[in-house]
Amino acid sequence: MVIEKTYNIIILPQKKRLKAKEGENLFHFLVRQGYPVPSACGGMGTCGKCRVLLPEGARAPTESERVHLTEAELEAGWRLLCIQHIDRALVLEIPEVEESVRAKELLNKVLRIPLDSGVKKAYLELPKPGQEDQRPDTVRFQEELGEGRLTFPLQVLKKAPNLLRKGDFKVTVTWAANHVLDLEPGDTTRAQYGVAIDIGTTTLAGYLLSLNTGVELAVRSQMNPQRSFGDDVISRIKRVHEQGEAGLRELQKAVTSGINMVIKHLCQAARVSPVHIYKATVAGNPTMIHLFTGIDPSNIDHSPFIPVLRDSLILPALELGLDMNPQGQVHILPSISGYVGADITAGILYTRLHQAEGIQLFVDIGTNAEIVLGNKDRLLACSTPAGPAFEGARIKYGMGALPGAVAHVLLNDRDLKLEIIGDGVPKGICGSGLIDLGGELCKVGLINERGNFGRRVDLPISERIHQGEKGQLQFLVSDGSKPIYLTQQDVRELQLAKGAIRSGVEIALRELGVTLNEVEMVYLAGAFGSYVSRESVLRIGMLPEFPLSKIKPAGNTAGQGAKLCLLNRGKWEEIQGLTEQVEYFELSYLKDFSRVFMESMHFPRHPHLE
Ligand code: FES
């Protein structure tokens, strides 16, 4: 018999201890464990993002590590994760695994909704069997509960006889829709919980709620471990195209492990046992939902963009591998199309667009931006590829909304003020900082309508415009030990991202036949939508010129909608109707989409500069 050798892997700063098989690739091992390893190349050794610190015993650097890391970093023990193979015990530290500060701050909101989760628990003192009472155990339950015919899963039936007799026939039964979920000795009726989960392409968010009281007990967010396979849904689908079934399983395992990590933290924070989580609701874009359920999303990424699944699903947790009660029910929210998913139906449910009298606009800003426009009479939806610039990708000094990110910028004729997440030394620029930089530079005329840098002799701040690589101009954002620039290419990426959103909004207004003035409210959804400066959004022309008072940051509406469905069966029924009520239109099929997109890439004129 061959005995596989294993090694201890210790992850700092949590001092988390894992066991790994000899010869395994460290990158793939950690992704499988649910660690969100930063990567844009899927572990091919080409992007340089999967940096890891090996404080002891780092091996001689490879060619690729020499390209992506400085001499000083190599000297200090920095290496690339995807190049390491497990051939010894390792102690390592991965940066940026910490949860997004902003996502965490945003999540904690309380909902007021009548409690009707559909999960029920009852403590029973059952009559004991005897010569006069030879009823089977299951009949004993049914008659005592008086809830009609109950179905019992095999796993529960197997433990019933011992549990009943050892517990003197005093038991707690949990059921939903006449299906028994669990039996426990004694009275555990107080322990009844549910989780709402939002699977974002970038971030996983989880909320633990008491199904007895509706109180939110814990909130957790972390990066989606699938990020290790690429920043956007297209790169994840590409992985499935290339690797087939193995790639699909790998991505499913990564997201499931990530969600299980979220559940584990939620349970630890609230001192709750995962077996007492009986219900989960899950929102996410269509690709995320397909990958989570192990359904091949391959047909979503090419015309005519067909998903396998649009309707909702209810599956046992056991089947999906979620660490909660194995018979607990996982409710997957319905979608609208291949690119407008359950995160958007959840957002509509929460913001009540489908019941509004006046026209409302809903914009969820992500790597794909989803746009919904209308009211109770008609709702139109489309999706537009904003790209990962707002997540910090493809921006030279870009980063996520993590400590050290430049989050806001104020600029005057001579100077600029930076707001840094966590107040430390600036390390890079996150999405809201990018939009502010664009907006402020447009405001003072250092970026023109076409997005080109230009100096103005009358402005001392112009001195921050330097010549960079290949003679292109760039703007010095911070000149600390590690200077940070906004490059001309970064401005192009910003133009592409904001142009995609603006063109989607312009076309939606036209298709619905409404003017700007008729729009009563504009919701900016998602963590990003809540932190971005509304003034800067208008200054760069990402949205048409709505009055500021109409633009409302709405937070993580996907998570809020999932919570509504968790706590109230009526809301679960209500969301089903959105699949039919919302009309999807495909932007790329419209003849003039390219023209509108090109026009939308321009920055607005700022009249005081003329
Ligand atoms: S270099 Fe891209 S994941 Fe390692």
Side-chain angles (χ1 to χ4, degrees), residues 100-103 105-106 361-366 369 371 386-392 395 397-413 415-423 426 428-447 449 451 461 464 475 477-478 484 486 490-491 493-502 505 516 519 521-557 600-609:
S100 159
V101 176
R102 290 176 157 186
E105 284 170 7
L106 260 184
L361 173 66
F362 174 97
V363 183
D364 190 340
I365 306 167
I371 292 159
F390 296 144
E391 315 278 0
I395 300 298
Y397 295 91
M399 64 182 286
L402 295 162
V406 174
H408 286 295
V409 181
L410 254 182
L411 194 141
N412 60 33
D413 291 358
D415 210 355
L416 87 171
K417 252 192 181 168
L418 303 179
E419 187 187 310
I420 314 295
I421 297 180
D423 290 332
I429 306 165
C430 69
S432 60
L434 178 67
I435 290 180
D436 269 6
L437 273 166
E440 293 291 294
L441 290 167
C442 283
K443 181 183 80 180
V444 297
L446 295 187
I447 292 180
E449 284 165 61
I461 190 88
R464 284 182 171 261
F475 180 80
V477 179
S478 160
I484 295 170
L486 180 77
D490 296 340
V491 179
E493 294 291 340
L494 173 63
Q495 286 179 281
L496 285 170
K498 77 102 184 171
I501 294 171
R502 173 68 178 260
V505 172
L516 277 191
V519 178
M521 184 62 77
V522 179
Y523 292 105
L524 290 182
F528 184 66
S530 293
Y531 275 94
V532 78
S533 146
R534 293 171 299 165
E535 287 87 346
S536 295
V537 162
L538 294 176
R539 242 173 231 145
I540 62 167
M542 190 160 95
L543 290 178
E545 287 166 5
F546 293 112
L548 265 188
S549 59
K550 285 189 178 178
I551 303 176
K552 186 176 174 186
N556 182 2
T557 56
S600 301
M601 282 175 60
H602 285 162
F603 291 117
R605 279 170 196 272
H606 290 277
H608 65 282
L609 298 172

Note to self: Would you say that Phe603 contacts Leu494 through its side chain, given a criterion of any heavy-atom pair below 4.5 Å between the two side chains?
What the structure shows: yes
For the side chain of Lys550 and the backbone of Val519, is there at least one donor-acceptor N/O pair under 3.5 Å apart?
-> yes
Ile421 and Cys430 have their tightest heavy-atom pair at CD1-SG, 4.4 Å
Closest heavy-atom pair, Ile551 versus Pro553, reported as atoms and distance to 0.1 Å, is O-CD, 3.9 Å
Closest non-hydrogen atoms of Gly433 and Val409, given as atom of the first, atom of the second and distance, are O-CG2, 4.1 Å
Handout entry: Side-chain heavy-atom pair Asp413, Ile461 within 4.5 angstrom cut-off
Key = no
| task | Compare all side-chain heavy atoms of Phe390 with those of Val532 and state whether any distance is below 4.5 angstrom. | result | no
Next on the checklist: Any side-chain to backbone donor/acceptor pair from Glu493 onto Ala389? Under 3.5 Å, distance only.
Outcome noted: no
dist Leu437:CG -> Ile395:CD1 (nearest 0.5 Å) comes out at 10.0 Å
Correct closest heavy-atom pair for Pro426 and Ile420 would be CB-CD1, 3.7 Å
To the nearest 0.5 Å, atom CG of Asp490 lies from atom CZ of Phe475 at 12.5 Å
From the list Leu441, Leu418, Asp436, side-chain contact (heavy atoms from CB on, under 4.5 Å) with Leu411 holds only for Leu441
Heavy-atom closest pair (Ala369 atom, Ile501 atom, distance to 0.1 Å) is CB-CG1, 3.6 Å
Between the NZ atom in Lys498 and the CG atom in Leu434, the distance rounded to the nearest 0.5 Å is 12.5 Å
Pairwise side-chain contact, Val491 with Leu486, heavy-atom cut-off 4.5 Å (strictly under)
yes
Look at the side chain of Gln495 and the backbone N and O of Met601, then say whether any donor-acceptor pair between them is shorter than 3.5 Å. yes
Check whether His408 reaches the backbone of Lys417 with its side chain - one donor and one acceptor, N or O, closer than 3.5 Å. no
| said: Can a donor-acceptor pair be found, under 3.5 Å and without considering hydrogens, that links the side chain of Ser432 to the backbone of Ala407? | reply: yes
Taken to the nearest 0.5 Å, the spacing of Leu538 CG from Cys442 SG works out to 12.5 Å
Do the non-hydrogen side-chain atoms of Leu416 and Arg464 ever get within less than 4.5 Å of each other? yes
Applying side chain to side chain contact (heavy atoms under 4.5 Å, CB included) to Ser600 and not counting sequence neighbours gives Arg502, Ser503, Val596
Leu516 and Pro544 have their tightest heavy-atom pair at CD2-CB, 3.4 Å
inquiry  = I want to check something: taking the side chain as every heavy atom from C-beta on, are Leu524 and Leu543 in contact at a cut-off of under 4.5 Å?
reply    = yes
With sequence neighbours left out, the residues meeting salt bridge (charged side-chain N to carboxylate O under 4.0 Å, His left out) with Glu391 are none
One should read off an interatomic distance between Ile484 CD1 and Ile429 CD1, to the nearest 0.5 angstrom, of 6.5 Å
- Query: Is the shortest heavy-atom distance from the side chain of Glu440 to the side chain of Ile447 under 4.5 Å?
  - Reply: no
